[in-house]
Amino acid sequence: MEEEARLLLGELGEPIDELKAAAVNVPSAGSGSLSGRRILLIIGGGIAAYKCLDLIRRLRERGARVRPVLTKAAEEFVTPLAVGALAGDKVFTELFSREDEHDVGHIRLSREADLIVVAPATADLMAKMANGLANDLASTVLLASDKPLLIAPAMNPKMWNHAATRRNRATLEKDGIRLVGPGTGEMAESGESGPGRMAEPLEIVAAVEELLDRNPKPLAGKTIVMTSGPTHEPIDPVRYIANRSSGKQGHAIAAALAQLGATVRLVSGPVTIPDPEGVSVVHVESAREMRDAVEQFLPADAAVMVAAVADWRTANESGEKLKKRPGEKAPALQMVENPDILAGVGHSKLRPSLVVGFAAETQDLLTNAREKLDKKGADWIVANDVSHATGVMGGDRNAVRIVTRSGVEEWPDMTKAEVAERLAAKISAALQTVEV
Ligand code: C5P
């Protein structure tokens, strides 16, 4: 173990190849006990920090996504390069990093986690947490968070037994923070024996599993078919008709539903954003391909059709690239109607018990949305105004109304991730009350 520690600390030369090999063997998302769970791992500055490399590996093996934050002191024990290679994610170290703040920011680091783990939790970090100090990225994230928290203390036995640490520990436990370890044994750096040795990675993993298990998965066992993104309708082999949909809202909803435990089958048109975590995605181009893929996924408990499907496609698609010839007129594009995928699902024999459609409108939002309920056989229409002033298409915010047969719910302007979370919660509540 000591040799392993020295290797990871870089004392035996270049550890990069080993790290790369280790990282390659870690699946990015699996069907394990922590599948789709997001863990923010705060690594404190203690010799036990080297164990975090194994901890990251163990968490990822179980399907968790691990996003690491290193304190300045932690960087003395493990390098961001090693941690980042194993986590397969960016490593966050600075409170005032222009790039990080722009990218994610300390509030989002906490918001985008299901659980925060502090390992090793040094005496200093425990003291900061107990007293609400926030003078670096790690302590600021901890203070700005309302997420469940697990800490794995690691320190010298004298520090662990000190009256100040005892007081801090009692405060943290009173605040609802869960501790794992420390164990009793020989200290790596001094050879002293006593309490203060960080819990082993597998003990920490077991505590993580237990804590997250308490997090309900109300959609476990439910299957939800979804569409997202635009469609591309070919004119010839190189040209197509498209629209401005980015897929951001649909993909965020897919991720939020998966987070609640649903099995999400997402049929996505061409987008440039990554597949949502924990979701199986079928990539298609045209409306007809999208319809065929959706049909394959029926029956399902719910359908959420967010894609901006082209209403029309060219009737006279050319097998060869259309040529511009001197003296000839521009080609006339003949259009025919595309299949309406939502209406097909809404009126299908295999109709899911909950069918949700979207309505992107630039005028008469509510009238159009209400009409769509019947025309498309939907239970809810999520209506959003996509007129230019709102910047919804491609942007990160959305203001929607949920139109149902019993009325209209108006939601304030919020991020697409927030719309997704709220809609997923509403879908979850609806699926608990219907017989499926
Ligand atoms: O009629 P409109 O395009 O406004 O309807 C929008 C809703 O219908 C969205 O939920 C969209 O995904 C769905 N739709 C569809 N197939 C089409 C057109 C729209 O599934 N061909």
Backbone of Leu53 reached by a side-chain donor or acceptor of Arg57 within 3.5 Å
no
Residue that, paired with Val306, satisfies side chain to side chain contact (heavy atoms under 4.5 Å, CB included) out of Met226, Lys248, His251:
Met226
Got Arg37 and Leu115 here, is their nearest side-chain heavy-atom distance under 4.5 Å?
no
Measuring from atom OG of Ser353 to atom CG of Asp301, what distance do you get when rounded to the nearest 0.5 angstrom?
6.0 Å
Once rounded to the nearest 0.5 Å, what's the spacing between atom OG1 of Thr314 and atom CD of Gln334?
10.0 Å
Under the criterion side chain to side chain contact (heavy atoms under 4.5 Å, CB included), I'd like the reasoning laid out for Ile241 against Ile235: C-alpha separation, chi angles, the key distance, then a yes or no.
CA-CA 7 Å; Ile241 298 170; Ile235 296 170; 3.9 Å; yes
SB check Lys416 Asp396 (cutoff 4.0 Å)
no
Output for pair (Glu295 CD, Ser348 OG), nearest 0.5 Å, gives 8.0 Å
Side chains of Lys147 and Asp114: closer than 4.5 Å at any heavy-atom pair?
no
Could you work out, with salt bridge (Lys or Arg N to Asp or Glu O under 4.0 Å) as the rule, every residue matching Asp340, not counting sequence neighbours?
Lys376
Name all residues meeting the side-chain hydrogen bond (donor to acceptor under 3.5 Å, both in side chains) criterion together with Arg351; count only those two or more places apart in sequence or in a different chain, and write none if there are none.
Asp379
Can you name the closest pair of heavy atoms from Ser246 and Ile273 and give their distance?
O-CD1, 3.8 Å
How long is the gap from CZ on Arg65 to CD on Glu112, to the nearest 0.5 Å?
7.0 Å
Work out which heavy atom in Pro201 is nearest to a heavy atom in Leu55; give both atom names and the distance.
O-CD1, 3.7 Å
Is Phe92 close to Arg67 at the side-chain level, that is, under 4.5 Å between some pair of heavy atoms?
yes
Nearest atoms (heavy-atom pairs only) where Cys52 meets Ile43
CB-CD1, 3.9 Å
Tell me every residue that passes salt bridge (Lys or Arg N to Asp or Glu O under 4.0 Å) with Glu289, counting only those two or more places apart in sequence or in another chain.
none
Sidechain-backbone polar pair: Lys372 side chain, Ala359 backbone, donor-acceptor under 3.5 Å:
no
Arg405 versus Asp374: any side-chain heavy-atom pair under 4.5 Å?
yes
Judged by atom type as modelled, is there a donor-acceptor pair below 3.5 Å linking the side chain of Asp175 to the main-chain atoms of Ile177?
no
Judged by atom type as modelled, is there a donor-acceptor pair below 3.5 Å linking the side chain of Gln432 to the main-chain atoms of Pro218?
yes
Drop me the distance from Asp236's CG to Asn316's CG, to the nearest 0.5 angstrom.
10.5 Å
Is any side-chain heavy atom of Arg291 closer than 4.5 Å to a side-chain heavy atom of Asn338?
no
Under 3.5 Å, side chain of Ser139 to main-chain N/O of Asp136, donor-acceptor pair present?
yes
Give a yes or no on whether the backbone of Pro237 and the side-chain of Lys321 come within a donor-acceptor separation of less than 3.5 Å.
no
Using every non-hydrogen atom in the two residues, find where Ser268 and Val281 come nearest and quote the distance to one decimal.
CB-CG1, 4.0 Å
For residues 322-333, which side-chain N or O atoms pair as donor and acceptor with protein atoms under 3.5 Å away, sequence neighbours left out?
none

Step through the shown structure and confirm whether more than 12 heavy atoms of other residues, nucleotides or ligands are within 6.0 Å of CD on Glu337.
no
By salt bridge (Lys or Arg N to Asp or Glu O under 4.0 Å), Glu75 pairs with (sequence neighbours left out) Lys72
Is a side-chain N or O of His232 found less than 3.5 angstrom from the main chain of Val284, in a donor-acceptor match?
no
Test your reading of the model: is there a side-chain donor-acceptor pair from Thr231 to the backbone of Ala310, 3.5 Å cut-off?
yes
Can you list the steps and then say if His283 with Asp275 is a side chain to side chain contact (heavy atoms under 4.5 Å, CB included)?
CA-CA 10 Å; His283 295 271; Asp275 289 352; 3.1 Å; yes
Report, as yes or no, whether the 6.0 Å neighbourhood of atom CZ on Phe297 holds more than 12 heavy atoms from other residues, nucleotides or ligands.
yes
Before you tell me yes or no, could you show the steps for Thr93 and Leu137 under side chain to side chain contact (heavy atoms under 4.5 Å, CB included), namely the whole-Å CA-CA distance, both residues' side-chain angles and the distance that decides it to 0.1 Å?
CA-CA 7 Å; Thr93 53; Leu137 180 62; 5.7 Å; no
Show the nearest heavy-atom pair for residues Pro153 and Val180, with the distance to one decimal.
CD-O, 3.3 Å
Heavy-atom distance under 4.5 Å between the side chains of Glu209 and Leu34, does that happen here?
yes
Would the distance check show the side chain of Glu277 and the main-chain N or O of Ala255 forming a donor-acceptor pair, the cut-off being under 3.5 Å?
no
Would you call Val271 and Ser228 a side-chain contact if the rule is heavy atoms closer than 4.5 Å?
no
Working note: Leu59 + Val117, criterion side chain to side chain contact (heavy atoms under 4.5 Å, CB included); need CA distance, chi angles, decisive distance, verdict.
CA-CA 11 Å; Leu59 291 168; Val117 177; 5.7 Å; no
Ion pair Lys128/Asp124, N-O distance below 4.0 Å:
yes
Any cation-pi pair here, Lys426 with Trp380, using under 6.0 Å and within 45°?
yes
If you take all heavy atoms of Leu149 and Met129, which pair is closest and at what distance?
CD2-CE, 3.4 Å
Can a donor-acceptor pair be found, under 3.5 Å and without considering hydrogens, that links the side chain of Arg60 to the backbone of Ala87?
yes
Show me the donor-acceptor pairs within less than 3.5 Å that the side chains of residues 417-425 make with the rest of the protein, sequence neighbours left out.
| from | atom 1 | to | atom 2 | distance (Å) |
| --- | --- | --- | --- | --- |
| Glu418 | OE1 | Thr415 | N | 3.0 |
| Glu418 | OE1 | Thr415 | OG1 | 3.3 |

Would you give the length of the straight line joining atom CD1 of Ile116 to atom CG of Leu211, rounded to the nearest 0.5 angstrom?
12.0 Å
